[in-house]
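Data first, discussion second: the structure below is written as structure tokens.
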Amino acid sequence: MSLPQKDIGPHYLEEKEEVLVEKINTRKKELNGQLLLLSHHYQQESVYRFADMTGDSLKLAKHAAGAKDRNYIVFCGVHFMAESADILTSEKQVVMLPDLRAGCPMADMATLDEVQWAWEELSNVIPIGSLIPVTYVNSSARIKAFVGKNHGSVCTSSNAERVLTWALDKGEKVFFFPDEHLGRNSASALGIKDEEVVLWDRGKPLGGNPPDKIKQAKILLWNGYCTVHMQFSADHVQMWRNKDPEIKIIVHPECRHEVVAGADIYGSTETIINTISSSPPGSHWAVGTEINLVNRLNNQHPDKEIHSLSPFQCLCSTMYRIKPGYLLWILDNLVEGKVENQITVDPETAEFARISLDRMLKI
Ligand code: 13P
Ligand code: SF4
């Protein structure tokens with residue numbers, strides 16, 4: 001969700017880089033022991049370098065949950081990540097997002113009203129107790145709470161297959177939202193047949209499906225997507241195969257199925273980093289994920305050839321909203337005892353959302 005952001009003025013936004021670096025480091029020292037600065041791998045380098053801990057969504061959620069001694073958690077990522085951190089931390093801990101406009105368009109593609117409406121419609125066609133909801137962590141706290149109430153679990157890009165297996169053990173069918181592609185790629189990896197996977201078009205009655213198709217389905221996929229990962233295509237895979245016989249292709253599972261099927265490896269941002277970092281010197285890689293991560297890998301491994309899978313810059317423009325000036329503004333205020341941009345989830349939503357997050361952490 002994108003929220004209005006206070007104007008912080010040119011003082012922060014037009015400051016020279018070296019001044020910002022010095023001031024942020026000073027503020028971090030002043031807040032030592034109280035502050036935890038988390039950064040997702042898609043953050044731009046000018047922000048990422050200040051992180052105490054970095055990670056994919058799962059790792060960051062675990063870091064937040066484990067940081068019991070820190071009063072302040074500044075989350076350089078997007079809104080749903082900061083919400084998860086708030087849910088997993090205690091009431092006394094404060095979670096902040098440096099720019100409130102840093103939302104995730106995919107998370108916004110499944111609202112609670114839409115999901116509840118779909119659930120209601122489905123209850124007229126199938127025994128609803130046999131349907132297990134699974135939500136990708138890229139979703140609002142309200143959706144996670146709905147899933148918690150209805151005996152389902154959250155998943156991330158690094159455990160979606162495990163969570164789907166758990167859900168299919170528990171019920172007969174899974175309703176997976178909001179990312180069609182992570183759902184389809186995970187179902188395919190588990191050997192679930194194409195005809196057992198049904199797309200739920202959120203704009204149409206019964207998701208645009210006849211009742212019989214729903215009855216026969218094993219997995220119902222909400223038709224949400226990530227605009228960044230939709231920019232990679234099977235043609236890009238072919239282009240690299242033609243151009244470089246030594247190339248290895250690694251992609252994020254938010255890419256379309258034909259891209260994932262054509263790749264050598266797929267996985268979360270953390271998996272992508274670990275796989276490339278541990279590959280032998282001289283390896284060639286084409287990477288299907290956000291450009292800040294690809295550029296960082298390229299800079300860190302001059303002994304390897306690392307390219308973006310797409311010739312275009314696939315940038316997560318909402319992650320990109322977090323700039324060093326906003327980070328300094330948050331820290332300046334904290335040092336003066338003022339909290340800006342706090343992300344809070346109301347207690348009832350948090351209680352049920354925690355159930356679905358805890359289920360995932362246990363699976
Ligand atoms: P990871 O959990 O793999 O870091 O992915 C988060 C995300 O938003 C990818 O678009
Ligand atoms: Fe959302 Fe895509 Fe950005 Fe990830 S890369 S935060 S899914 S818009």
Side-chain angles (χ1 to χ4, degrees), residues 1-2 38-44 47-48 51 53-64 75-85 97-110 134-140 143-144 154-163 176-183 185-186 222-232 250-256 259-260 263 265-276 287-297 308-310 312-322 343 357 360-361:
M1 187 182 21
S2 260
L38 297 176
S39 177
H40 186 264
H41 295 309
Y42 292 163
Q43 287 296 306
Q44 48 192 316
V47 166
Y48 193 80
M53 286 168 168
T54 61
D56 60 9
S57 309
L58 180 63
K59 200 165 159 195
L60 290 173
K62 285 182 175 167
H63 284 321
F75 211 120
C76 298
V78 288
H79 190 264
F80 75 81
M81 297 180 180
E83 269 192 341
S84 298
L97 184 65
D99 185 329
L100 292 178
R101 293 165 299 183
C104 167
M106 180 212 279
D108 296 341
M109 288 177 194
V134 172
T135 186
Y136 188 21
V137 70
N138 297 34
S139 56
S140 69
I143 293 284
K144 293 185 179 88
V154 174
C155 76
T156 73
S157 57
S158 46
N159 59 22
E161 287 158 32
R162 231 176 319 140
V163 173
F176 188 95
F177 24 77
D179 187 18
E180 171 192 341
H181 304 285
L182 177 65
N185 288 319
S186 308
W222 197 261
N223 66 344
Y225 54 88
C226 165
T227 45
V228 180
H229 289 92
M230 290 301 277
Q231 293 176 54
F232 300 103
I250 185 163
V251 302
H252 196 276
E254 287 174 15
C255 292
R256 285 189 188 86
V259 177
V260 171
I265 307 169
Y266 68 92
S268 74
T269 53
E270 191 76 10
T271 303
I272 293 174
I273 292 169
N274 292 341
T275 307
I276 296 184
V287 190
T289 198
E290 207 269 348
I291 195 68
N292 278 291
L293 188 158
V294 182
N295 288 342
R296 184 175 312 116
L297 279 170
S308 170
L309 180 64
S310 160
F312 309 110
Q313 296 275 308
C314 297
L315 175 84
C316 178
S317 55
T318 50
M319 287 266 183
Y320 193 69
R321 286 200 172 271
I322 312 283
I343 302 297
L357 278 162
M360 168 186 78
L361 295 174

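One-based numbering, in listed order, for ligands and for the atoms of each.
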Nearest-0.5 Å distance, [atom1] of residue [X] to [atom2] of residue [Y]:
| X | Y | atom1 | atom2 | value |
| --- | --- | --- | --- | --- |
| M106 | E254 | CE | CD | 4.0 Å |
| N223 | H181 | CG | NE2 | 8.5 Å |
| L182 | E161 | CG | CD | 8.5 Å |

Compute whether any side-chain donor of one residue and acceptor of the other, for T271 and Y266, lie under 3.5 angstrom apart.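 No - no donor-acceptor pair under 3.5 Å links their side chains.
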Residue that, paired with T156, satisfies side-chain contact (heavy atoms from CB on, under 4.5 Å) out of N138, D56, L58: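 Going through N138, D56, L58 one by one, the side-chain contact (heavy atoms from CB on, under 4.5 Å) with T156 is satisfied by L58 alone.
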Could a heavy atom of H229 be found less than 4.0 Å from some atom of ligand 1?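 Yes, that is the case, since the closest heavy atom of the residue is under 4.0 Å from the ligand.
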Does M106 come within less than 4.0 Å of ligand 1, judged by its heavy atoms?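 Per 4.0 Å heavy-atom rule, M106 does not contact ligand 1.
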Which protein heavy atom lies closest to [atom], and at what distance to 0.1 Å?
| atom | result |
| --- | --- |
| atom 5 (O) of ligand 1 | H252 NE2, 3.3 Å |
| atom 1 (Fe) of ligand 2 | C104 SG, 2.4 Å |
| atom 6 (C) of ligand 1 | S57 OG, 3.4 Å |
| atom 3 (Fe) of ligand 2 | C316 SG, 2.4 Å |
| atom 2 (Fe) of ligand 2 | C226 SG, 2.4 Å |

Looking only at heavy atoms of E290, does any of them come nearer than 4.0 Å to an atom of ligand 2?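 For ligand 2, residue contact (heavy atoms, under 4.0 Å) with E290 is absent.
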Flag H40 as yes when one of its N or O atoms lies below 3.5 Å from any N or O atom of ligand 1, and as no otherwise.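 N/O-N/O distance under 3.5 Å: yes.
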Any donor-acceptor pair under 3.5 Å linking the side chain of [X] with the backbone of [Y]?
| X | Y | result |
| --- | --- | --- |
| R296 | Q43 | yes |
| W222 | M109 | yes |
| N159 | C155 | no |
| R256 | M230 | yes |

Which of the atoms of ligand 1 are close to [X], meaning less than 4.0 Å from one of its heavy atoms?
| X | value |
| --- | --- |
| S268 | 3 (O) |
| N138 | 7 (C), 8 (O) |
| E254 | 7 (C), 8 (O), 9 (C), 10 (O) |

For ligand 2, the portion of N138 having any non-hydrogen atom under 4.0 Å away: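 The side chain, only.
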Those atoms of ligand 2 less than 4.0 Å from some heavy atom in P105: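 Under 4.0 Å from P105, ligand 2 has these atoms: 8 (S).
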Does ligand 1 have a heavy atom under 4.0 Å from the side chain of T156, from its backbone, from both, or from neither?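 No part of T156 is near ligand 1 at this cut-off.
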Whether H229 and F232 hold their rings parallel, tilted or perpendicular, with breakpoints at 30° and 60°: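 Ring orientation, 0 to 90° scale: tilted.
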